[in-house]
2 protein chains.
Amino acid sequence: MPRARSNSTAPTPSASSPDTVFEGAIRGMVGYNLKRAYIVLHAAARAAAEDFGLRVPTFSCLSVIVRNPGITPSALAEHLKIERPNLVVIVDELETRELIRRTQMKTDRRRYELTVTVRGRRLHDQAAEAIRDAEAQCLQGLGAEDQARLIDLLNKIENAMTEAPVSAAEHTGPPPP
Amino acid sequence: MPRARSNSTAPTPSASSPDTVFEGAIRGMVGYNLKRAYIVLHAAARAAAEDFGLRVPTFSCLSVIVRNPGITPSALAEHLKIERPNLVVIVDELETRELIRRTQMKTDRRRYELTVTVRGRRLHDQAAEAIRDAEAQCLQGLGAEDQARLIDLLNKIENAMTEAPVSAAEHTGPPPP
DNA sequence: AATAATTATTATGTCTCATAAATATATGCG
DNA sequence: CGCATATATTTATGAGACATAATAATTATT
């Protein structure tokens, strides 16, 4: 029987699947592995945050507000890459639970300043510790050095795109200055 | 004024937020960086797959079916960590588009064997190449060695959890054999 | 003063993932 | 055999995160 050209070096697929499953083209892709690892860490963070009545994006917002008192919803949304309409409901919930305050600016009454309350600050610190612990559980296999290197590699990916969206081939117009 | 205990070494938050935004407790967390990088790669993969009328999970399924002819929906779902009810709609779509065939097993008529069609195989190979190219665009900043190391680190995270769900502290009963 | 731009919001839709319940078939046991 | 139990698939449904269009309030610009 003529073998279809196989673009992989791994063992040839057998006629009917046995109990071991081979991975397709996906295992060699970084994005696939990224997602699998992300699922693990996200589930851990989610479970830890849940104990404080927070979801992960909500905690992220709280965390940035803690660190940037007086930040506006717009700036917060842009920084966390959240669409502003989606941020509204998060901020609403944080305010309702009295974890942050939302005060209208006097110089520009369209804008609001977000500041954390004492209660919010306390909850944040506790949640942050719990999430860090949960993460550490997942990262036992990695030494501190590995961990730092991983973060560095991830940041390279994140930043590469925001700086140079396309390169060399396949764009029509001349590059903007 | 008494400074609240700050659990970070970075610059102290200024009264009202300037144009630079500081990151909270989150930037030091692996999960956060993981997500940011994942968003970049996933968007690239998604855009590439879209040209072939595929979404990322659909492509992943197709890819595993290509590599494991005759695999059952259950095995496929378990392998990709997709819930079976969600896999149904994906398989439905793949079958409707005649990219795969779904044949009932004679020995056990509850089960189905999934096999790729010629058309599906062709589409898969083209899409895989496009997605790989799109990924490569995102990974220009990383050498081949960095890339391999990244995948290795990610796999460690993924596997650490499936092997040793909890460690040492905080579980009540004795470990199963 | 009139127009345009900005901030925040409301309404709405999509995508991914998760759970409960229903159906069809197979297996084990009296 | 007949009945309870288990498994594979499917249907229905909901939650969570993300995205876009339209609106309201305010400010900036002409």
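Lettering of chains follows the sequences in order, A, B, ..., and the numbering in each one begins at 1. Given the structure is predicted, the values throughout are model-derived calculations rather than measurements.
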> Nearest to the B/N86 side chain among C/dT16, C/dC17, D/dA8, which nucleotide is it?
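The nucleotide sitting nearest to the side chain is C/dC17.
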> Using the side-chain heavy atoms of A/D108, tell me which of these nucleotides is nearest: D/dT27, C/dC17, C/dA24.
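My answer, after comparing the listed nucleotides, is D/dT27.
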> Check the pair B/F52, B/H124 against ring pair (Phe, Tyr, Trp, His ring centres under 6.0 Å), reporting the backbone distance first and the verdict last.
CA-CA 9 Å; B/F52 301 90; B/H124 167 266; over 10 Å; no
> Pick the nucleotide of DNA chain D nearest each of A/R55 and A/K106; which residue has the one closer to the 5' end?
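Looking at DNA chain D, the more 5' nearest nucleotide goes with A/R55.
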> Once you round to the nearest 0.5 Å, how far does CE of A/M29 lie from CD of B/Q147?
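So the CE of A/M29 and the CD of B/Q147 are separated by 11.5 Å.
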> So if I take every side-chain heavy atom of B/R110 and compare against D/dT20, D/dT7, C/dT9, which nucleotide ends up nearest?
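Selected nucleotide (nearest to the side chain): D/dT7.
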> May I ask you to evaluate whether A/S74 reaches the phosphate of C/dT6, defined as a side-chain N or O under 4.0 Å from OP1 or OP2?
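Checking C/dT6 against A/S74, no side-chain N or O comes under 4.0 Å of OP1 or OP2.
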> Rounded off to whole Å, could you give me the CZ-to-P distance for the B/R109 and C/dT23 pair?
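Computing the B/R109:CZ to C/dT23:P distance gives 18 Å.
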> Considering only D/dC18, C/dA18, C/dT16, which nucleotide approaches the side chain of A/P57 most closely?
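Nearest to the side chain of A/P57 among the choices is D/dC18.
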> Using whole Å, report how far CD1 of B/I82 lies from P of C/dT19.
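Distance, rounded to whole Å: 15 Å.
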> Starting at atom NE2 of B/H42, determine the distance to atom C1' of D/dC18, rounded to an integer number of angstrom.
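Value for this atom pair: 12 Å.
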> Select from A/V56 and B/Y112 the residue whose nearest nucleotide in DNA chain D is closer to the 5' end of that strand.
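Its nearest nucleotide being more 5', the pick is B/Y112.
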> With sugar-phosphate meaning primed atoms plus P, OP1 and OP2, does A/P85 contact a base, only sugar-phosphate, or nothing at under 4.0 Å between heavy atoms?
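A/P85: base contact, heavy atoms under 4.0 Å.
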> If we ignore hydrogens and angles and just use 3.5 Å, is the side chain of B/Q140 paired with the main-chain N or O of B/Q137 as donor and acceptor?
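Indeed, once roles are kept as given, a pair shorter than 3.5 Å links the two residues.
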> Over how many whole Å does the gap from A/L87 atom CG to D/dG16 atom P extend?
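Those two atoms, CG and P, are 17 Å apart.
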> Is it true that A/R149 and B/D146 have a side-chain N and a carboxylate O under 4.0 angstrom from each other?
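Yes, this pair counts.
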> Between C1' on C/dT16 and CZ on A/R46, what's the gap in Å once rounded to a whole number?
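Rounding to the nearest Å, CZ of A/R46 and C1' of C/dT16 are 12 Å apart.
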> Rounding to an integer number of Å, can you tell me how far A/K35 NZ sits from C/dC15 P?
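Value for this atom pair: 14 Å.
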> Base, sugar-phosphate alone, or nothing: which one does A/R84 contact when heavy atoms must sit under 4.0 Å apart?
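Answer is base: heavy atoms of A/R84 come under 4.0 Å of a base.
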> Of the nucleotides C/dC17, C/dA8, C/dT9, which has the atom closest to the A/T72 side chain?
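The closest nucleotide is C/dA8.
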> Find the distance B/E93:CD to C/dT16:P and express it as a whole number of Å.
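My rounded result for the distance is 10 Å.
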> Find the distance A/R111:CZ to C/dA5:P and express it as a whole number of Å.
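The distance from CZ of A/R111 to P of C/dA5 comes to 18 Å, rounded to the nearest Å.
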> Counting only heavy atoms not in A/E129, do more than 12 fall under 6.0 Å of its CD?
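At most 12 heavy atoms, drawn from other residues, nucleotides or ligands, come within 6.0 Å of this atom.
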